[in-house]
Amino acid sequence: MINKWCYISLLLLSLLGTNLVHAQFINLQITVEPELSTTIEQELDFGILRPNFGEKMISLGDLNMGVFNIRAYYTQSIYVQLIVPDFMTHTNPAVTTRIPIQLDISYNNSGINNHRNSEVIPGNKGYVQVYRNNENNEVPTEVWKQLFLYIHGSIEVGEIDLGEYIADLTMIINYD
């Protein structure tokens, strides 16, 4: 659904005096907001691990990778930035052990959710076209397209205390 706000005003002004004057003013103002929606298709999940597990890798294409679906107008460009802390921390603030975390973000702008068609966003930030035109540069029949973002990477589970470890990831999406 396109968010549209239209404001149309028509002002008829009549001034009476020695001369009769009629004036008409039309103030037309239209604002069309571009629409962008984001849906989490799959949450990133490293699962349950034991101390000294070692490296737990979620590769691009793994069933536990994070998948986001962005729906936007096909000509839009978006700026994507994934901010990842260096460590996961225990939910109990008294526990000081941490789990190192390293994540990457990839995108697929073919309109199909398929990690095989994706490309890594270097440095986890950069501009991406919402839709990649075909070789003929034909205008698509559907103007709203989908861009898929995939989050994948690894954690290193060493000598840690038992419990739940968390990290807040921040994904920034700006569009023009």
Residue pairs passing the side chain to side chain donor-acceptor pair (under 3.5 Å) test where at least one lies in residues 157-171, sequence neighbours excluded: Asn52-Glu159, Thr97-Tyr165
Please report the closest heavy-atom contact between Ile172 and Ile83, naming both atoms and the distance. CD1-CD1, 3.7 Å
All pairs passing ring pair (Phe, Tyr, Trp, His ring centres under 6.0 Å) where residues 109-128 contributes a residue, at least two apart: Tyr79-Tyr127
Minimum heavy-atom distance Leu103-Ser154, with the two atoms named: CD2-N, 4.3 Å
Check the hydrophobic clustering (I, L, V, M, F, W, Y; side-chain heavy atoms under 4.5 Å; chains of links allowed) and say if Val84 and Ile40 are grouped together. yes
Does any non-hydrogen side-chain atom of Tyr107 lie less than 4.5 Å from one of Ser118? no
So if you build clusters from Ile, Leu, Val, Met, Phe, Trp, Tyr with side-chain heavy-atom gaps below 4.5 Å, do Ile121 and Leu169 land together? yes
How far does NZ of Lys145 sit from CD1 of Ile112, to the nearest 0.5 angstrom? 9.0 Å
Considering only distance and modelled atom types, tabulate donor-acceptor pairs under 3.5 Å from the side chains of residues 41-48, sequence neighbours left out.
unit_1 : atom_1 : unit_2 : atom_2 : d
Glu41  : OE2    : Asn69  : ND2    : 3.4
Gln42  : NE2    : Leu63  : O      : 2.5
Asp45  : OD1    : Gly47  : N      : 2.8

Would Leu149 and Met171 satisfy side-chain contact (heavy atoms from CB on, under 4.5 Å), going step by step from the backbone distance to the final call? CA-CA 10 Å; Leu149 298 174; Met171 186 177 335; 3.5 Å; yes
Atom of Asn108, atom of Gly111 and distance for their closest heavy-atom approach: OD1-N, 4.4 Å
Looking at every non-hydrogen atom in both residues, tell me the closest pair between Asn114 and Arg116 and how far apart they are. OD1-N, 2.9 Å
Step by step, would you call Tyr73 with Trp144 a ring pair (Phe, Tyr, Trp, His ring centres under 6.0 Å)? CA-CA 5 Å; Tyr73 194 69; Trp144 298 101; 5.6 Å; yes
Any chain of hydrophobic side-chain contacts (each under 4.5 Å) joining Leu49 to Ile166? no
Spatial distance of atom CG (Asn113) from atom CG (Leu147) [nearest 0.5 Å]: 10.5 Å
Answer with yes or no whether the side chains of Asp62 and Tyr150 bring together a donor and an acceptor at under 3.5 Å. no
In terms of heavy-atom contacts, Pro51 and Val157 come closest through CA-CG1, 4.3 Å
Return the CZ to CD1 distance between Phe148 and Ile70, rounded to the nearest 0.5 Å. 10.0 Å
Find the distance between CE (Met57) and CE (Met65) and round it off to the nearest 0.5 Å. 13.5 Å
Would you name the heavy atoms of Leu60 and His152 that are closest together and state the gap between them? CD1-CD2, 3.6 Å
Please confirm whether the backbone N or O of Leu162 pairs with a side-chain atom of His90, one donor and one acceptor, at under 3.5 Å? yes
Interatomic spacing from CG in Asn174 to CG in Leu36 - rounded to 0.5 Å: 10.0 Å
Between CD1 on residue Ile155 and CD1 on residue Ile58, distance to nearest 0.5 Å: 7.5 Å
Given side-chain contact (heavy atoms from CB on, under 4.5 Å), test Ile151 with Phe68 step by step and report yes or no. CA-CA 8 Å; Ile151 299 177; Phe68 293 84; 3.4 Å; yes
